[in-house]
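Counting from 1, the numbers follow the sequence of the chain as shown.
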Amino acid sequence: MTTADAADRPTPLSTPVSAGIVASLVGFTSSFAVVLTGLRAVGASPTEAASGLLALCVTQAVGMMWLARRYRQPITLAWSTPGAALLAGTGVVVGGWPAAVGAFVTVGVLIVLTGLWPRLGAAVSKIPVPLAQAMLAGVLLPLCAAPVGAFSDSPARIAPVVLVWLVVLRFSARWAVPAAFLAAAAVIAADLIGGGTPIAASDLIPRIDWTVPHWTWQATIGIAVPLYIVTMASQNIPGTTVMASFGFRIPWRASMTVTGTGTVLGAFAGGHTINLAAISAALAANPSAHPDPKRRWVAAFSAGSSYLVLALLSAALATLVAAAPAGVVETVAGLALLGTLAASLFGALEHASDREATVLTFLVAASGLTFAGIGSAFWALVVGLVVRAILRRQSPATPATDATG
């Protein structure tokens with residue numbers, strides 16, 4: 001081998017390690033604000049939300065490190081960003097934060113059962129994808145519209161965040177939201193300094209805040225059921241598809257067992273859901289991570305290790321978010337969810353035969369209604385399924401009937 005050949009050959013670990021670090025940084029910085037917003041919306045205090053973010057980082061880190069090393073595949077895990085958005089649109093349910101934690105535990109159990117009991121997975125797959133996507137789009141719409149209202153209320157604070165996001169988006173969609181968060185952090189810091197608001201050093205130290213779960217039927221139906229459906233339809237199933245596109249076959253039962261168990265354990269500390277990643281999976285599984293597919297598992301292992309480091313920032317970031325001026329964090333969260341909203345709308349309206357049902361599903365979910373203590377996401381699915389069933393039962397007119405009028 002010549003010196004030039006040796007120089008051109010990638011070192012065994014440097015490429016997948018850096019790919020894993022990038023995947024974790026992009027995944028964390030582009031959506032942690034959504035997670036904190038969602039947890040706070042269902043009743044978590046700032047310290048409980050910080051604990052939830054810490055729990056999510058640790059459980060998904062340990063899970064992906066074990067799966068990657070055990071199966072020698074770049075199996076990347078993530079928290080459910082669409083699920084966090086769903087929580088933000090649901091709000092506090094009967095039973096408050098402990099009931100929300102109970103719903104998180106229920107979701108984890110359902111995910112484990114999905115891996116162990118094929119019939120449950122088959123039942124979930126029968127839920128029409130356009131309806132699930134319409135429900136998600138309806139939940140996301142108010143969150144994505146938040147920057148508009150925030151700008152009208154405080155243009156001097158919101159404009160720099162949006163401008164930075166737009167400029168960076170022109171060159172790199174991957175780093176646009178992280179850049180927007182950095183701009184938001186600068187706005188928050190300026191506001192804190194200008195207002196002379198002190199931050200206690202103890203608030204920056206990560207810690208676990210345990211919550212005893214409580215189960216209510218409203219939280220089970222209003223949070224657990226939609227959260228489970230969104231996690232499966234928008235994260236786990238697309239995650240397997242992304243991995244298959246790069247030639248990897250996900251060990252389904254093991255992945256569901258690990259993510260479901262991690263969700264249950266993390267729920268007691270405030271974490272909502274962990275699942276298979278899609279975007280992060282592409283960053284770790286594509287050839288740029290390493291030319292040899294057998295070495296790409298190192299990228300997922302590296303991403304997991306990086307999340308353990310990022311977990312140390314959970315309390316500091318939650319404190320920063322809690323001290324933010326009105327509208328700043330909501331703007332970052334809204335910008336982070338624009339891509340998900342666009343994909344959900346496309347998936348919802350792709351098939352013309354279901355458009356009436358999907359549009360109604362979207363409208364009910366976006367309305368934010370609460371009926372019988374249950375949020376709009378569940379009722380949106382109910383309305384969509386009923387309308388779809390009614391319209392599909394209509395018998396099409398035969399040619400003879402058309403001819404006779």
Side-chain angles (χ1 to χ4, degrees), residues 24-25 27-67 76-88 96-112 202-215 219 223-224 227-228 230-231 235-236 255-277 280 303-322:
S24 62
L25 286 174
F28 184 92
T29 57
S30 63
S31 58
F32 82 88
V34 182
V35 171
L36 293 174
T37 301
L39 295 178
R40 291 293 304 275
V42 291
S45 67
T47 56
E48 288 167 339
S51 174
L53 182 61
L54 172 63
L56 291 169
C57 288
V58 172
T59 52
Q60 71 186 34
V62 173
M64 79 173 84
M65 291 168 70
W66 186 85
L67 287 170
T76 311
L77 304 184
W79 52 58
S80 177
T81 301
L86 179 98
L87 298 179
W97 174 242
V101 171
F104 301 160
V105 174
T106 301
V107 172
V109 173
L110 288 174
I111 293 174
V112 172
S202 59
D203 293 338
L204 306 180
I205 300 174
R207 67 177 184 272
I208 293 294
D209 196 330
W210 299 105
T211 299
V212 177
H214 177 64
W215 283 270
I223 293 181
L227 181 56
Y228 169 69
V230 164
T231 299
Q235 297 283 162
N236 285 332
S255 297
M256 294 302 98
T257 300
V258 168
T259 55
T261 303
T263 296
V264 171
L265 296 176
F268 291 91
H272 66 296
T273 316
I274 62 170
N275 42 244
L276 294 173
S280 299
S305 303
S306 300
Y307 266 107
L308 290 178
V309 176
L310 291 169
L312 300 176
L313 301 176
S314 57
L317 291 172
T319 300
L320 189 69
V321 166

Hey, does [Y] have a side-chain heavy atom less than 4.5 Å from the side chain of [X]?
X      : Y      : answer
Phe104 : Leu87  : yes
Val107 : His272 : no
Thr59  : Trp79  : no
Val230 : Thr273 : no
Leu310 : Leu25  : yes
Leu276 : Met256 : yes
Ile208 : Phe268 : no
Phe32  : Val321 : yes

Search all heavy atoms of [X] against all heavy atoms of [Y] and return the closest pair with its distance.
X      : Y      : result
Val264 : Val109 : CG2-N, 3.7 Å
Ala311 : Cys57  : CB-CB, 3.6 Å
Leu39  : Gly52  : CD1-CA, 4.1 Å
Pro98  : Thr211 : CA-CG2, 4.1 Å
Leu308 : Val58  : CD2-CA, 4.2 Å

Is there a donor-acceptor contact under 3.5 Å from the side chain of [X] to the main chain of [Y]?
X      : Y      : result
Trp97  : Ala44  : no
Ser51  : Thr47  : no
Asp209 : Ala269 : no
Ser45  : Glu48  : yes

Between CG on residue Asn236 and OH on residue Tyr228, distance to nearest 0.5 Å = 9.0 Å
Spatial distance of atom CG (Leu227) from atom CD1 (Ile111) [nearest 0.5 Å] = 7.5 Å
